[in-house]
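Not measured: the values here are computed from a predicted model.
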Amino acid sequence: MDYVNSMLEVIGNTRLLKLNKVGKDVPANVFVKLEHLNPSGSYKDRMALAMVEGAEKGLTWNGKKLKKGGVVCDASAGNTAPALAFVCAAKGYKAKLCTYRTMLVGQSTRLKITDAFGPDVCECRPPSDFLTEKVLNELTEEEKNLAWIIAGKMHMAELERTNPDTVWVDQIYNWQNVEGLRSIGKELYKQLDGKIDAWGCSIGSGGTFLGVALPLKEMGVTPLTFGVVPAKSEVYMEMRKADAKKGEFGPSQATKKLARLMGLEKWVTEESIAERLYKMGYPDRMFQVTTEDARKMANRLCREEGIYCGMSSGANVFAALKIAEEMELGQNVVTVIVDRRDRYLGEYPNDIYVV
């Protein structure tokens, strides 16, 4: 007999696909890891399982352990919410997931997927709880988005502090995020016999990027690395400037500015995974991809390769093809298919590329 005892056993070991149609006009081979085939529909299943199991061992930002009957909480605007809801359901924990208003508008598909697993879903405290209307109106769009993240971070800390059974797993700062995604790097090494000449993906928390780059390096493989962010994203590009090169690294200037304005300095004193990533000297190349280019590539992947994927996957492949154009015949470029496109049906056909 061949069966599993838990849906958690289905996480990972995803197939690797060569893009024979979309990649036909570039000299290098372009491969995609099909992470949208994980149980809840994204690569975040690996991360969610690692963070919850880490919490069981007290591997959290403050050493607090997740106990039987406990509650897992985090803030999410995308794939983390359904992934954590799924893992908690399978392991028998309660989940309290606070979503940003952008996810709640129109009862988005992502929210409905999350809700199906039975978590308690609430709305994160908005930046307006901390900033005046005048200050909010003076922020750039990038800063407004970042303000939601910082406000959500404060909200999660409050939930954990006021509820003894609640553990905040904090995907942005929790190193178990990276540890859980190391399995992707190990699987890629095996699937390509270690012949990986370039690796890259969209950088949000940074967990996926490092989850591949670090184990490959440990196994003696040091590919060219590339990161991908939305075209208008300045926060991550800022991390590549002079301060990072000098080794004087820490929160971005936008983060510091908002933390000061919101009175939350104490919540942004630690280094995020993304900040640590850049401090390590990654990536070698950075691409800013427009929503239009990401959407066109996602459509091509659907129609030419049969991959039903979202905008981040389109952006990843768009950048991977740019890298492949510069490489030699027979070299291998690898990226990841992040998630299924059905979770963006609420925004379709105007779904946008975000990280």
Side-chain angles (χ1 to χ4, degrees), residues 44 47-105 108 110-111 114-132 135-136 144-177 180 205 207 251 255-256 258-273:
K44 292 282 190 177
M47 177 200 76
L49 180 60
M51 292 197 306
V52 171
E53 292 187 339
E56 293 171 337
K57 302 172 185 176
L59 298 175
T60 55
W61 72 284
N62 60 1
K64 189 175 182 180
K65 284 188 177 183
L66 177 63
K67 299 178 181 179
K68 185 176 181 179
V71 180
V72 173
C73 79
D74 204 2
S76 170
N79 288 315
T80 297
L84 274 174
F86 151 63
V87 168
C88 287
K91 290 182 75 69
Y93 293 113
K94 298 176 183 178
K96 188 173 183 67
L97 301 168
C98 294
T99 63
Y100 303 110
R101 187 168 296 165
T102 51
M103 186 175 176
L104 290 164
V105 172
S108 77
R110 293 188 296 286
L111 181 57
T114 301
D115 187 64
F117 292 109
D120 179 11
V121 178
C122 66
E123 185 176 344
C124 283
R125 291 181 65 184
S128 57
D129 280 5
F130 308 96
L131 297 172
T132 66
V135 171
L136 278 171
K144 288 178 182 177
N145 291 333
L146 186 58
W148 275 98
I149 294 173
I150 296 175
K153 186 174 175 67
M154 180 63 173
H155 190 175
M156 294 304 98
E158 289 176 347
L159 282 176
E160 184 179 56
R161 187 174 62 251
T162 56
N163 297 276
D165 295 330
T166 297
V167 175
W168 174 30
V169 290
D170 193 10
Q171 63 169 319
I172 303 299
Y173 291 83
N174 190 339
W175 195 252
Q176 293 305 302
N177 177 342
S205 70
T255 301
K256 290 178 181 177
L258 286 163
R260 174 174 49 79
L261 289 171
M262 298 167 74
L264 301 174
E265 291 94 337
K266 65 181 180 180
W267 302 117
V268 293
T269 54
E270 56 189 314
E271 284 184 338
S272 69
I273 293 169

Do Val71 and Asn163 make a side-chain contact, defined as non-hydrogen atoms from C-beta onward lying under 4.5 Å apart? no
Which residues satisfy the salt bridge (charged side-chain N to carboxylate O under 4.0 Å, His left out) test with Asp129, sequence neighbours excluded? Arg125
Once you round to the nearest 0.5 Å, how far does CG of Asn79 lie from CE of Met47? 9.0 Å
How would you list, by chain and number, every residue that makes a side-chain contact (heavy atoms from CB on, under 4.5 Å) with Ala50, sequence neighbours excluded? none
Pairs satisfying salt bridge (charged side-chain N to carboxylate O under 4.0 Å, His left out), at least one member in residues 53-82, at least two apart: Glu53-Lys91, Glu56-Lys91
So how far is it from Asp165 CG to Cys73 SG, rounded to the nearest 0.5 Å? 12.0 Å
Evaluation steps, side-chain contact (heavy atoms from CB on, under 4.5 Å), between Ser128 and Leu136: CA-CA 8 Å; Ser128 57; Leu136 278 171; 3.9 Å; yes
Taking the side chain as C-beta and beyond, is there a heavy-atom pair between Val167 and Glu160 under 4.5 Å? yes
Could you grab the distance from atom CZ of Arg110 to atom OG of Ser76, nearest 0.5 Å is fine? 8.5 Å
Thr60 vs Asp170 side-chain heavy atoms within contact, under 4.5 Å: no
Parallel, tilted or perpendicular for Phe117 and Phe86, by the 30°/60° rule? tilted
Can you list the residues that meet the side-chain contact (heavy atoms from CB on, under 4.5 Å) rule with Ala83, with sequence neighbours excluded? Ser40, Lys44, Asp45, Ala48
Set of residues satisfying side-chain contact (heavy atoms from CB on, under 4.5 Å) with respect to Thr132, sequence neighbours excluded: Lys134, Val135
When every non-hydrogen atom of Leu97 is compared with those of Ala81, the smallest separation belongs to CD1-O, 3.2 Å
So, for Gly152 and Cys124, which heavy atoms are closest and what is the spacing to 0.1 Å? CA-SG, 4.1 Å
Are Thr80 and Gln171 linked by a side-chain donor-acceptor pair shorter than 3.5 Å? yes
Scanning both residues in full, the closest heavy-atom pair of Thr114 with Ala85 reads O-CB, 3.8 Å
Does Trp175 form a side-chain contact (heavy atoms from CB on, under 4.5 Å) with Ile273? I'd like the steps, not just the answer. CA-CA 7 Å; Trp175 195 252; Ile273 293 169; 4.2 Å; yes
Tyr93: partners by ring-ring contact (aromatic ring centres under 6.0 Å, His included), with sequence neighbours left out: none
What residues form a salt bridge (charged side-chain N to carboxylate O under 4.0 Å, His left out) with Asp120, not counting sequence neighbours? Lys96
Does Glu158 reach the side chain of Trp168, with side-chain heavy atoms less than 4.5 Å apart? no
Partner residues of Asp115 under the side-chain contact (heavy atoms from CB on, under 4.5 Å) criterion, sequence neighbours left out: none
Write down the atom of Ser205, the atom of Asn177, and the distance for their closest heavy-atom approach. OG-ND2, 3.0 Å
Pairing residues for Gln176 by the side-chain hydrogen bond (donor to acceptor under 3.5 Å, both in side chains) criterion, not counting sequence neighbours: none
Test side-chain hydrogen bond (donor to acceptor under 3.5 Å, both in side chains) applied to Thr166 - qualifying residues, sequence neighbours left out: none
